[in-house]
Each structure stands twice: as C-alpha cells, then as structure tokens.
Amino acid sequence: MELCETSKDYELLTQKIYKSILESEGVENLEVKHDQKIKGKSGVEHQIDVFWEYKYAGVSHKVLIECKYYSKPISLIHARNMLGLLNDIANSQGLIVTTQGFQSGVVDFCNHYEISLKRIRPRKAQIGMDAFRLWI
C-alpha cells in the first residue's frame, strides 16, 4: 500500500497490519473487516473502522479498532467514545490506533478501562507498507 493520503487509506492499512499479525500467530478462519456496522445493546448501529470477531470456549468476542489519522495527538473525547462503544457492544475489546500519539489523560483513562492504544506511523523518508511501524 502506498503512503496513506486519507483516513480510509489509514484504516485499510490498519486492517492489513492486523490481518497479517493474526495470520502470523496462526489464527485461522478469521476475517478482519473494514468499515463495519455493529448494532449495540441499545439498538443503535455503530460504525467501526476495523473489526473482527472470534469464539473462545463457546463465547463470542469482538475487537473494535478506531483509526485516527490525525496531525495532532488524539484527545480524551476519543477514548470516552470508545468506552461508550464497549459498553454498548457486548463482549468487546477496544483499540485506538493513531499516527501522532495521545494527549494528557488519554493513556491513564485507557489503561483504567483496558482500552489498548497503538501508534502506526510512517518512518521518515519512506513510503509503502514496509515503511510503516507499529508501536505496541
């Protein structure tokens, strides 16, 4: 994939990266989906940037990824929005991915509510998927 030019490009890159990670860990029969609509317990339909679902011990688990292709660190409002999604979508885990990092308070808030935070951004002076690095 070329250098991301839009938020959609960034979402597709994130999808590709997580699909590769899951495949390398031997996870089979799992589809990592882009731009999914998921209905919550409230009856409200939510748009999720990257999504996958798996079953373990007969229980369905969902992974919700919100991608933020921003020029500035993301604010606490995005973490609060993710918490709302997790409360409305049963058996879900949340992950926020961004290019620029996180404003004050976001890391503590997300650690408390077990929301994962990751940075995927291009290495300087390089392009293409190989040029992107995932900070875990």
Side-chain angles (χ1 to χ4, degrees):
M1 174 177 264
E2 288 83 35
L3 184 64
C4 295
E5 294 183 7
T6 67
S7 293
K8 182 177 178 181
D9 292 342
Y10 189 67
E11 292 168 10
L12 291 169
L13 173 67
T14 301
Q15 176 192 23
K16 189 172 186 177
I17 288 170
Y18 277 94
K19 183 177 187 297
S20 294
I21 290 169
L22 292 167
E23 286 174 353
S24 73
E25 292 180 355
V27 179
E28 298 178 9
N29 300 317
L30 182 76
E31 186 178 358
V32 180
K33 300 176 182 178
H34 172 251
D35 193 22
Q36 291 295 292
K37 307 289 191 270
I38 308 293
K39 187 178 275 191
K41 297 180 285 189
S42 66
V44 172
E45 189 174 74
H46 304 283
Q47 184 276 333
I48 308 299
D49 295 335
V50 178
F51 170 84
W52 71 86
E53 184 173 10
Y54 63 96
K55 287 191 178 186
Y56 182 74
V59 177
S60 176
H61 299 271
K62 300 165 190 78
V63 179
L64 319 175
I65 302 179
E66 287 298 304
C67 303
K68 303 300 177 193
Y69 187 62
Y70 291 173
S71 59
K72 297 179 182 177
I74 67 163
S75 65
L76 192 56
I77 191 72
H78 299 292
R80 289 179 182 144
N81 287 344
M82 176 58 81
L83 182 60
L85 289 172
L86 298 176
N87 284 327
D88 199 36
I89 300 172
N91 299 326
S92 60
Q93 298 171 286
L95 172 61
I96 302 171
V97 175
T98 187
T99 52
Q100 297 299 319
F102 309 94
Q103 289 182 3
S104 176
V106 174
V107 173
D108 291 338
F109 183 90
C110 288
N111 284 340
H112 179 78
Y113 289 104
E114 298 179 350
I115 298 169
S116 296
L117 300 173
K118 306 287 185 233
R119 286 175 49 198
I120 300 175
R121 64 181 185 162
R123 294 179 184 158
K124 294 185 182 349
Q126 292 183 344
I127 60 171
M129 183 167 166
D130 293 336
F132 280 80
R133 180 172 180 190
L134 174 63
W135 277 265
I136 298 179

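Treat the numbers as computed from the prediction; the structure is a model and nothing was measured.
The side-chain heavy atoms of Ile48 and Glu66, taken from C-beta on, include a pair separated by under 4.5 Å. Contact check for Leu95 versus Leu64: no side-chain heavy atoms found under the 4.5 Å cut-off. Put simply, the side chain of Trp52 does not reach to within 4.5 Å of the side chain of Lys62, judged on heavy atoms. In this structure, the side chains of Ser116 and Gln93 stay at 4.5 Å or more apart for every pair of heavy atoms. Using a 4.5 Å heavy-atom threshold, the side chains of Val50 and Cys67 count as touching. Counting heavy atoms from C-beta outward, Thr99 and Ile120 have side chains that stay 4.5 Å or more apart. Taking 4.5 Å as the limit, some side-chain heavy atom of Val97 sits within range of a side-chain heavy atom of Tyr10.
Residues satisfying the side chain to side chain donor-acceptor pair (under 3.5 Å) test with Gln103, not counting sequence neighbours, are none. By the ring pair (Phe, Tyr, Trp, His ring centres under 6.0 Å) test, His78 is found to be paired with Tyr70, residues two or more places apart in sequence or in another chain being considered.
Val107 and Leu76 fall within the same hydrophobic cluster, defined by Ile, Leu, Val, Met, Phe, Trp and Tyr side-chain heavy atoms under 4.5 Å apart, directly or through other members. Both Ile89 and Tyr113 are members of a single hydrophobic cluster when ILVMFWY side chains are connected at heavy-atom separations under 4.5 Å.
Rounded to the nearest 0.5 Å, atoms CG (Asn81) and CG (Leu86) are 11.0 Å apart. With rounding to the nearest 0.5 angstrom, the CG atom of Asp9 is 5.5 Å from the SG atom of Cys4.
Not one N or O on the side chain of Asn87 forms a donor-acceptor pair closer than 3.5 Å with the backbone of Gly84. A distance-only check finds a donor-acceptor pair linking the side chain of Gln36 to the backbone of His34 [under 3.5 Å].
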With side-chain contact (heavy atoms from CB on, under 4.5 Å) as the criterion, how do Tyr69 and Thr6 come out once you've worked through the C-alpha distance, each side chain's angles and the decisive distance to 0.1 Å? CA-CA 8 Å; Tyr69 187 62; Thr6 67; 5.9 Å; no

Apply side-chain contact (heavy atoms from CB on, under 4.5 Å) to Met82 and Phe109, showing your working. CA-CA 11 Å; Met82 176 58 81; Phe109 183 90; over 6 Å; no

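Applying the side-chain hydrogen bond (donor to acceptor under 3.5 Å, both in side chains) test to every pair with at least one member in residues 40-50, sequence neighbours left out, gives these pairs: Asp35-Gln47, Ser42-Asp88, His46-Asp88, Gln47-Asp49.
Nearest approach of Leu117 to Cys110, heavy atoms of both residues: CD2-SG, 3.7 Å. Minimum heavy-atom separation, Ala79 to Ile115: O-CD1, 3.9 Å.
Counting only N and O atoms by type, the side chains of Ser71 and Gln100 include no donor and acceptor under 3.5 Å apart.
Phe51 pairs in a side-chain contact (heavy atoms from CB on, under 4.5 Å) with only one of the listed residues (Val32, Ile65, Ile38, Val63), which is Ile38.
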